[in-house]
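Heads up: the structure comes next, in structure tokens.
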Amino acid sequence: MHMYNHREIEKKWQKRWLNDKTFQVSDRPKKKYYCLDMFPYPSSNGLHVGHPEGYAATDIFSRFLRMHGYDVLHPMGWDAFGLPAENYAIKKGVHPRETTEKNIENFRKQIQSLGFSYDWSREINTASPEYYKWTQWLFLEFYKHGLAYKKKAPVNWCDSCKTVLANEQVQDGSCERCSNAVIQKELAQWFFKVTKYAEELLTDLSDIEWPDSIKRTQQNWIGRSEGALLQFPLAMTDGAKPNYVLLHGYLGSPDGIFFPWLKQALEKRACTVQAPSLPHPSHPTEKEQVDYVLRHCTFDENTVLFGHSLGAVVALKVAEKLERPISKLILAGGFLDAHFRDTERPFTNTFSWKFDFEKIKKNVRGGIILSEENDYAIPPEQGRKLHDALGGTHITVAGQEPHFTGTREPALLEHLAPTITVFTTRPDTLYGATYMVLAPEHLLLKKKELRIKNQEEVQEYINTSAKKSERERLHLEREKTGVEVKGIKAINPVTGEKIPVWIADYVIASYGTGAIMAVPAHDARDFAFAKKYALPVRMVVCPHYPAPTCPVLDEAYEGAGHLVESGPFTGMSNEEAKQAITDSVGGVIRQNYKLRDWLISRQRYWGAPIPIIYCESCGEVPVPEVDLPVLLPDDVDFRPTGESPLKRSGTFHSVTCPKCGSSACRESDTMDTFVCSSWYFLRYPSATQADVPFEDEQIRSWLPVDMYVGGAEHAVLHLLYARFVTKALRDLGYLSFSEPFLRLRNQGLILGEDGEKMSKSRGNVVNPDEIINAYGADTMRLYEMFMGPFEDAKPWSTASIIGMRRFLEKVWRTYTAIPTNYPNIVIPAKTGIQTHVKDFDTEHLNKLLHKTIKKVTEDIQEFKFNTAISALMVCLNAFAREREKGIDIPAQQRDTFLLLLAPFTPHITEELWSMSGHAESLAFHPWPKYDPTLIKEDVMNITVQINGKMRDHIIISHDVSEENIIKAALERETVKKWTQGKKVVRTVFVPGKLLNIVVS
RNA sequence: GCCCGGGUGGUGAAAUGGUAUACACGAGGGACUUAAAAUCCCUUGCCGCAAGGCGUGCGGGUUCGACUCCCGCCCCGGGCACCA
């Protein structure tokens, strides 16, 4: 017999599990459970004590489930791309591939030294070409379906990391990685269309079992609010009124979709509108329709020619044939050839599809091309082609309905007539709107025809706010600033009143429409601004209606009430008025989200290259799937310059176009590493398959993930992205479920001994290797699980580990009969137990054991590992006391206890299990069941309270009635002492537990 | 400013309407030992000789009874941050 030697035992079992492939699962599970850890970034610091906390929890859970007969998929892999390896390369000149490989080796060794039951045959590495080939495939799938797109936009730029960042990676206006201030830069970048799933990402939260705090964080991040789009015509001090020619499309008419609404809105602005009904809308021919327009409509230098869908094609042809130039050409959902996304249309051969763009450009002074982002018929490149041919402005907007088929399309009106469109959650306060505010970046300010009188002042304000970093805006910007835009006024659509237009950076360009109607009486921010610049405050919602006078406001009133000073709506409740006022001005109710599309381009080297090629003649060309992976070249100078390092690799950068063969270049940005980690859980089941990213059958067998464990810091990063990718892949037909992770648990942070977050600079980092070496993996696992509630942050204490080690040594002693230094068995005098009691106290200890089974089983299911361990300790202490008395624990009870302990400390339990004569591993042994009849106590211990204070206990059998218990209680000396000379007012009896006697 | 989590012995913590402090660390005492370590036993919220009183951040409330529920505050931690 030996002393407990953790080094020997742990090495032995770890080796055996690996050699025997104990934890490899089959591809065809009978009863599946997918238990997943967030895979680590293999940093050069090695494992941190925070890692094993989550890994121990999933390991306990996996082992527990295996003992319940589940086939548990429990894999591990490496989130291996990322900045630290690259930064290290810059500093030390070691290639990131080399560092990463070394770090992975180290991580694997460390993780294996903890005896986790991973299926190592499914290990994945996101930086391997076998993996990132499929990350690139994912990008291409998204690209093909309009979920990946490139656009020029103001983006977050970290000048120290020399790369752009996603919104989710900006914290307090600073870079998440290096804390450098983030500035705004206008760059063309790749985005994933997360916003398409905003609503679903929000509502599906109710289907998953996640911590409420994470759900709430995601909810807030998605930031849905319901409001109205309202349009304010602009009144310019001079300038002629345009007259409009509106052309409908295939199967359309001037009475269809948005045309009546649009016509009315333009006429309200005192413009003339011609909206001809084009001949044969269901069998349109070019000649007939174009001639019809030329014959029936009049054109002059103030004409704005508008065409929707096929009407846009007619408009182009009309513009080509005009004799005099017109003011403007506006095309919505237009196209240049008859290739549609959905079906063929019958006018393919009745139009010529040849355009004289020079002539058209000569005949129109300006042009606007509007693409609809969810267009079901017109592919996005049509808008781009039109723009290439015509110039002017090309804008992709969200229509009310795909392909601008809503009955009201505010986006169109906005571009047809000078208009400010606002999003407001308070359309009920429209009568109180006394001024407008545009964000400094608002497109309207770029329009020359506005004839802004203080252009210089306005431009200066725009410039200064553009220069401000996010952080500056945050820190020195409680005080609002702004400049009035002189020379234009907005018209309040209900009062007809002309109100001033301001620009101010308290309005954010990227939210809503980038413009607001300011209602200072009912919005705190507008109120502060109005006070500063002496703008009128008009109260229109009063909480005291119908009081004759409303209170004078010294702050904004944002609560509910009834409308006052609001024309026909006066007296209506403000909630009702929201819809009523919106309708009366032709506005639309709309949901708005704070969520932005996910910016995935990174100007860095150590990531998956974006598989796009730019060809001089074909433009943007996706790399054909057969050419994947686009390999990351090794011969690269990684120094960050702000330009992607890949651009400087000649072998990588210059290529030939896969479509036409002419010279082209590759996209040189790489993908955000979060793209790699947004789908890795789909890969594990098919980890070794080279021909597909994930195999159908495997997906059906194993997914979705049943239990997912990791840190809460990913609440709006990884966890949101993975949900998005899952939904997108479902819509592309690859998956049949909508949520990737059914249950989620977050481990709490392990703090340093000083109670602060562990960090190198604080010097409070604990190295798990030393702990494992000194105390053993089992002790380490047990300690991390015993520290406190799994989800709470808790400070590390090396001194406390000894308690866990003592517990395991006690287990060892109890099972191996290795004597303590006690020379022989001595019965402690105080207990008064007779020496002839040599039998296991079956009755009492069996009860305790069965209570322990119940407690441990329930606690593991609820991730309450700390109390489960404490229950195991209580049970063992009782066993050990028996052993102290020289009494043997019967084999059945000994085995049961080992099985309960096994998920927590697998090495020592396997060893003791085999020493007890079991040939098979206990990893798949059925989990013990408890006997409910054994758990019941046969006598009740009733607490007796007097006036709610505990005074006495009575021990009494179950069959005694309440009445008799009260009687018995009142006869007790201790009770009498309190009831003497008092009257019993009432008694409260809790069966089996407590009796409260109320006296006065 | 808004949202979330938390505040219980010397320490990590347990108890989610019914005996406050299970389990563990630390501390003190004892047994064993030439001695130490290990082990085993006892004690360990505060005041008090005791009877008893007080006690879960603070102040109120609901209740026969509150760490637990409600209202108002204070402090600590985390997240969001001019989102119309």
Side-chain angles (χ1 to χ4, degrees), chain A residues 3 171-173 211-214 216-217 219-221 223-225 227 422-426 429 437 473-474 477-480 504-508 510-519 522-526 528-529 592-595 712-713 715-716 748-749 751 755 757 783 786-789 791-804 806-807 809-810 813 819-823 826 828-831 864 866-874 877 880-881 884 941-953 977 985-990 993-999:
Chain A
M3 296 297 281
Q171 304 207 320
D172 277 337
D212 284 342
S213 58
I214 299 280
R216 221 164 280 127
T217 307
Q219 250 169 42
N220 292 340
W221 189 260
R224 175 191 149 119
S225 50
V422 302
F423 173 73
T424 176
T425 53
R426 297 295 304 273
T429 62
V437 187
R473 281 203 191 189
L474 285 175
E477 275 283 319
R478 284 289 115 184
E479 178 80 4
K480 296 181 180 26
D505 60 12
Y506 82 89
V507 172
I508 300 161
S510 56
Y511 184 77
T513 59
I516 61 154
M517 65 176 203
V519 185
H522 304 292
D523 181 281
R525 294 152 302 177
D526 298 343
F529 193 79
N592 225 322
Y593 303 89
K594 282 199 246 179
L595 185 71
E713 67 274 16
V716 292
L749 214 55
L751 307 169
K757 208 167 160 170
Y783 173 65
F786 184 71
M787 287 171 82
E791 319 218 338
D792 287 7
K794 36 208 176 275
W796 179 269
S797 163
T798 302
S800 304
I801 296 171
I802 189 69
M804 303 305 115
R806 281 182 197 147
F807 168 69
E809 285 182 0
K810 199 182 235 181
R813 276 199 308 276
T820 56
N821 283 354
Y822 255 65
V826 172
K830 275 184 192 171
T831 62
K864 285 155 80 174
N866 55 335
T867 49
I869 293 167
S870 128
L872 287 164
M873 287 171 167
V874 172
N877 285 343
R881 265 190 293 273
E884 284 296 327
N941 185 347
I942 304 276
T943 298
V944 181
Q945 294 184 331
I946 312 289
N947 285 348
K949 284 211 192 306
M950 196 275 286
R951 297 298 179 192
D952 199 7
H953 301 276
K977 212 165 73 189
V985 180
R986 63 180 285 196
T987 55
V988 179
F989 182 66
V990 183
K993 262 194 176 163
L994 173 137
L995 173 70
N996 188 11
I997 300 165
V998 186
V999 294

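Since this is a predicted model, take the numbers as computed values, not measurements.
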Base, sugar-phosphate, or nothing for A:S225, non-hydrogen atoms under 4.0 angstrom? sugar-phosphate

Those residues at least two apart in sequence (or on a different chain) that pass ring pair (Phe, Tyr, Trp, His ring centres under 6.0 Å) with A:F786 are none

Using the C1' atoms only, state how far B:U63 lies from B:C2, rounded to an integer number of Å. 34 Å

How far does the C1' atom of B:U62 sit from the matching atom of B:C49, given to the nearest Å? 40 Å

Between B:A37 (C1') and A:E809 (CD): distance, integer Å: 12 Å

Which whole number of Å gives the distance between the P atom of B:C67 and that of B:G61? 15 Å

Mark yes or no: A:K480 above the aromatic ring of A:Y506, with NZ or CZ under 6.0 Å from the six-membered ring centre and no more than 45 degrees from the axis. yes

Closest-nucleotide ordering on RNA chain B, the 5'-leading residue of A:V998 and A:S510: A:V998

Name all residues meeting the side-chain hydrogen bond (donor to acceptor under 3.5 Å, both in side chains) criterion together with A:T425; count only those two or more places apart in sequence or in a different chain, and write none if there are none. none

Just the rounded figure in Å: distance from P of B:C80 to CD of A:E713. 12 Å

Using the C1' atom as the point on both nucleotides, what is the distance between B:A13 and B:G9, in whole Å? 10 Å

Among residues at least two apart in sequence or on other chains, which ones pass side-chain hydrogen bond (donor to acceptor under 3.5 Å, both in side chains) with A:R216? none

What is the distance from atom CG of A:L994 to atom CD1 of A:I942, rounded to the nearest 0.5 Å? 8.0 Å

How would you label the glycosidic angle of B:G5: syn (within 90° of 0) or anti? anti

Atom CH2 of A:W221 and atom P of B:C3 are separated, to the nearest Å, by 19 Å

If only side-chain N and O atoms of A:R216 are considered, is one of them under 4.0 Å from the OP1 or OP2 phosphate oxygen of B:C3? no

A:I997 and A:N947, any side-chain heavy atoms less than 4.5 Å apart: no

Distance test, side-chain N/O of A:S213 to OP1/OP2 of B:C3, below 4.0 Å: no

Base-contact (B) and sugar-phosphate-only (S) positions in nucleotides 46-51 of chain B, heavy-atom cut-off under 4.0 Å, - elsewhere: -----S

Can you measure A:K757 atom NZ to B:C76 atom C1' for me and round it to whole angstrom units? 16 Å

Can you find a side-chain donor-acceptor pair between A:N220 and A:K594 that sits under 3.5 Å? no

What string of B, S and - do you get for nucleotides 12-25 of chain B 5' to 3' if you count protein non-hydrogen atoms under 4.0 Å? BSS---BB--BBSS

Under the side chain to side chain contact (heavy atoms under 4.5 Å, CB included) rule, what do A:T987 and A:N996 come out as? Steps first, then yes or no, please. CA-CA 6 Å; A:T987 55; A:N996 188 11; over 6 Å; no

Distance between the C1' atoms of B:G55 and B:C47, in whole angstroms? 11 Å

Could you tell me how far apart A:D505 (CG) and B:C82 (C1') are, to the nearest whole angstrom? 9 Å

Stems in RNA chain B, runs of 3 or more consecutive Watson-Crick or G-U wobble pairs with both distances under 3.5 Å, sorted by first number, are B:1-7 with B:74-80, B:10-12 with B:23-25, B:26-31 with B:39-44, B:45-47 with B:52-54, B:57-61 with B:69-73

Under 4.0 Å between a side-chain N or O of A:R881 and OP1 or OP2 of B:C40? no

Side chain to side chain, A:Y783 and A:W796, heavy atoms closer than 4.5 Å: yes

If you define the side chain from C-beta out and look only at heavy atoms, does anything of A:L595 sit under 4.5 Å from A:W221? yes

Taken to the nearest whole Å, CG/A:D526 to P/B:A84 is 12 Å

Rounded at 0.5 Å granularity, tell me how far NZ in A:K794 sits from CG in A:N866. 8.5 Å

What distance, rounded to whole Å, do you find between the two P atoms, one in B:A14 and one in B:U8? 12 Å

Separation between the C1' atoms of B:G12 and B:G6, rounded to whole Å: 15 Å

Whole-Å gap separating C1' (B:C3) and CD1 (A:I214): 14 Å

Quick one: which of A:V422, A:D505, A:V507 gives a side chain to side chain contact (heavy atoms under 4.5 Å, CB included) with A:V437? A:V507

When the C1' atoms of B:G77 and B:G29 are considered, how many whole Å apart are they? 40 Å

Reckon A:R951 touches a base, only the sugar-phosphate, or nothing at all at heavy-atom distances under 4.0 Å? sugar-phosphate

Does a side-chain heavy-atom distance below 4.5 Å link A:M950 with A:V944? no

In whole angstrom, what separates A:F423's CZ from B:C82's P? 17 Å

